[in-house]
Protein chains: 2
Amino acid sequence: MVKKQQSVRSVIIKAANELFYHNGYEETSFTQIAEKANISRGNFYHHFKTKEDILYAIVDYRIEDVTKTLKEWTETIKTPKARIKRFIQILRNDGDDAIEYGCPMGTLNTQLGKSHKDLQPYARGIFDLFKNFLTDQFTQLGFPKKKAEQYALHLISRNQGISVVAHTYHDIGFLKREADTLDEWVDQLLKK
Amino acid sequence: MVKKQQSVRSVIIKAANELFYHNGYEETSFTQIAEKANISRGNFYHHFKTKEDILYAIVDYRIEDVTKTLKEWTETIKTPKARIKRFIQILRNDGDDAIEYGCPMGTLNTQLGKSHKDLQPYARGIFDLFKNFLTDQFTQLGFPKKKAEQYALHLISRNQGISVVAHTYHDIGFLKREADTLDEWVDQLLKK
DNA sequence: GTCTATAAGAAGATAGAC
DNA sequence: GTCTATCTTCTTATAGAC
C-alpha cells in the first residue's frame, strides 16, 4: 500500500500550524518549523517568503479543514438541533487539547488581536464559518435571521469562555459540566 | 498642590503592564518599556534583572489592584446579589478596552499558557481572586460551597467568552446584549 | 527544489563610568 | 540610581552552489 506523498508545502503548513497552536505565533521560529518539517531553513524560504505568509497559509488550511467538517455534519446529521449539539460536542472531543493549549480558533484570534491587528480580521474567518453554520441551524428551526445570529454568537461565546476557563484551571471536570449545561440551554430554548 | 512622586519601579511596572496588555508579553521589548517609562535601557536592569521578573511584578500589581477593588465592593455594596451584578457590570464599563484588546486577565493567561507555561499558574492568581469573591457571594446566598464555586466559575466563563467574541468581532452591541443576558441568568437563579 | 553559508538587525543582558 | 557602550545570542531573511 502506497502512502500518498504530501507536498513539502503541506508538510510545512501542518508543522507550523501545530507549533503556532502549542507555542504561539511570535514564539515559534523558522528554525523550529524547519526542524519539525525536516527541511533546511533555506528551503523554507523557497515556499514562504515571510513569516506572515505562512500565517495566511495556516488560516487558509484551517478554513478548508473546518469547511470540510461542517459540510460533513450537514450531510450526515439530519436535524438542525443535532447539528447544534454536535458543535457543543467539540468541547468534549477536543477537551484534552483545550485543557493544555486552549481553543485553537480562540487563542489564535486573541494573540493576533494583540501582535498582528492587521491579520486578525483574516483569522476571524474561522469564527465566521461556525457563526454562519450555527445561524443556518437556528434559522431552519424557525427563528428569524437576526435572532438566529444572536443565538449562534451566544453559543460560540459560551464555547470560548468554557475553553478559556478550562485551560486556565486545567480542569476537564469543569469543561464537561459546562458542556452539559450548554446542551440543557439548547433543550430549553427549543422546548418553547 | 504637590503630586505624589511615583517610584521609578512603579512607573516601569505601569508602562510594561499597559504594553503587555495592548501588544502582548513576547511582542513587548525592553526598548519599548524603557521609552514609555522615560528611562534608559540600562537603568531598567537596575530595577528588574530579567524579563520574567517584570512579569511577576505586573501580576503582583494586578493582584493588588483587584484585591483593593473587591474589598471596596464588599464594603460599599450591601447585598451579595448586587455584588455579583457589579462583576457583570465590568463588561460594560471596560467594554471599549475589551473590544480593542480583549480581557486583560483572560488574554494574559491565554498567552502565558502557550509561551510561558511555568508562569501561567502564577497569573491564574488573578482569576482566583474573582473566583473566591463570587464563590463567597453565592455561599452567602445560601448555596452549598461546591455549588457556589460552580456558579462562580460559570460566571467567569461567560464573562470570558463574551470578551473573546466581542474582541474578535469588535462588536460592542454583542457585549452589551450578552451582559444583559448574564444579568437575567442571575435573576432567574435567585428567583427560585 | 533543496541545500550551506552568511548577512543584517533586534533581542535580552552586562560592564563600568558618573 | 542612572547613564552609555558593548556583548552575545537569536531572529528573519538572502545569496548562491548543487
Side-chain angles (χ1 to χ4, degrees), chain A residues 3-59 61 108 111-112 114-120 122-123, chain B residues 3-59 61 108 111-112 114-120 122-123:
Chain A
K3 209 170 184 180
K4 194 190 162 194
Q5 178 85 20
Q6 286 191 85
S7 71
V8 172
R9 184 187 157 87
S10 159
V11 170
I12 293 175
I13 289 173
K14 280 175 187 167
N17 184 46
E18 195 175 314
L19 285 166
F20 285 6
Y21 175 38
H22 290 181
N23 305 330
Y25 171 70
E26 200 75 23
E27 295 80 4
T28 301
S29 68
F30 282 11
T31 306
Q32 288 173 283
I33 299 172
E35 267 174 17
K36 200 176 178 81
N38 265 308
I39 56 160
S40 68
R41 269 202 312 273
N43 192 5
F44 187 98
Y45 283 90
H46 178 75
H47 296 278
F48 298 96
K49 283 187 179 55
T50 67
K51 201 179 176 184
E52 282 206 354
D53 276 359
I54 188 156
L55 190 57
Y56 277 106
I58 282 173
V59 174
Y61 168 71
L108 180 66
Q111 194 153 53
L112 295 185
K114 292 195 190 294
S115 59
H116 291 80
K117 292 195 168 60
D118 52 324
L119 273 172
Q120 199 245 18
Y122 196 67
Chain B
K3 210 170 183 181
K4 195 190 161 193
Q5 178 83 24
Q6 285 192 87
S7 72
V8 171
R9 184 186 158 87
S10 160
V11 169
I12 293 174
I13 289 173
K14 280 173 188 167
N17 184 46
E18 196 175 313
L19 285 165
F20 285 7
Y21 175 37
H22 290 182
N23 305 330
Y25 171 70
E26 201 77 22
E27 295 79 4
T28 301
S29 68
F30 282 9
T31 306
Q32 288 173 282
I33 300 172
E35 267 173 18
K36 200 178 179 79
N38 263 307
I39 57 160
S40 68
R41 268 203 313 275
N43 191 6
F44 187 100
Y45 283 90
H46 178 74
H47 296 278
F48 298 97
K49 284 188 179 55
T50 67
K51 201 179 175 183
E52 281 206 353
D53 276 358
I54 188 156
L55 190 58
Y56 276 106
I58 282 173
V59 174
Y61 168 71
L108 180 67
Q111 193 153 51
L112 295 184
K114 292 194 190 295
S115 59
H116 291 79
K117 291 195 170 59
D118 52 325
L119 274 171
Q120 199 246 17
Y122 196 66

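We name chains A, B, ... by the order of the sequence lines, and we start the count at 1 in each one.
Distances shown here put a side-chain N or O of B:H47 below 4.0 Å from the OP1 or OP2 atom of D:dT2. OP1 or OP2 of C:dC3 lies within a sub-4.0 Å distance of a side-chain N or O belonging to A:N43.
Within 4.0 Å (heavy atoms only), A:Y45 reaches at least one base atom of the nucleic acid. As judged by a 4.0 angstrom heavy-atom cut-off over every strand, B:S29 is placed among residues touching the sugar-phosphate backbone only.
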Salt bridge (Lys or Arg N to Asp or Glu O under 4.0 Å) between B:K114 and A:E27, worked out: CA-CA 9 Å; B:K114 292 194 190 295; A:E27 295 80 4; over 6 Å; no
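Toward the 5′ end of DNA chain D lies the nearest nucleotide of B:G42, the other residue of the pair A:Q32 and B:G42 mapping further downstream.
The separation between A:F48 atom CZ and D:dT14 atom C1' is 18 Å, rounded to whole Å. The distance from atom CZ of B:R9 to atom P of D:dT2 is 13 Å, rounded to the nearest whole Å. B:I39 has its CD1 atom 14 Å from the C1' atom of D:dT4, to the nearest Å. The nearest whole Å value for the distance from the CD atom in B:E26 to the P atom in D:dT11 is 10 Å. Atom NE2 in B:H46 sits roughly 17 Å away from atom P in C:dG16 (whole-Å rounding).
The shortest distance between side-chain heavy atoms of A:L108 and A:V59 falls below 4.5 Å.
Separating the CZ atom in B:R9 from the CD1 atom in B:I39 is a distance of 12.0 Å, to the nearest 0.5 Å. In this structure, OG on B:S10 lies 11.0 Å from NE2 on B:H47, to the nearest 0.5 angstrom.
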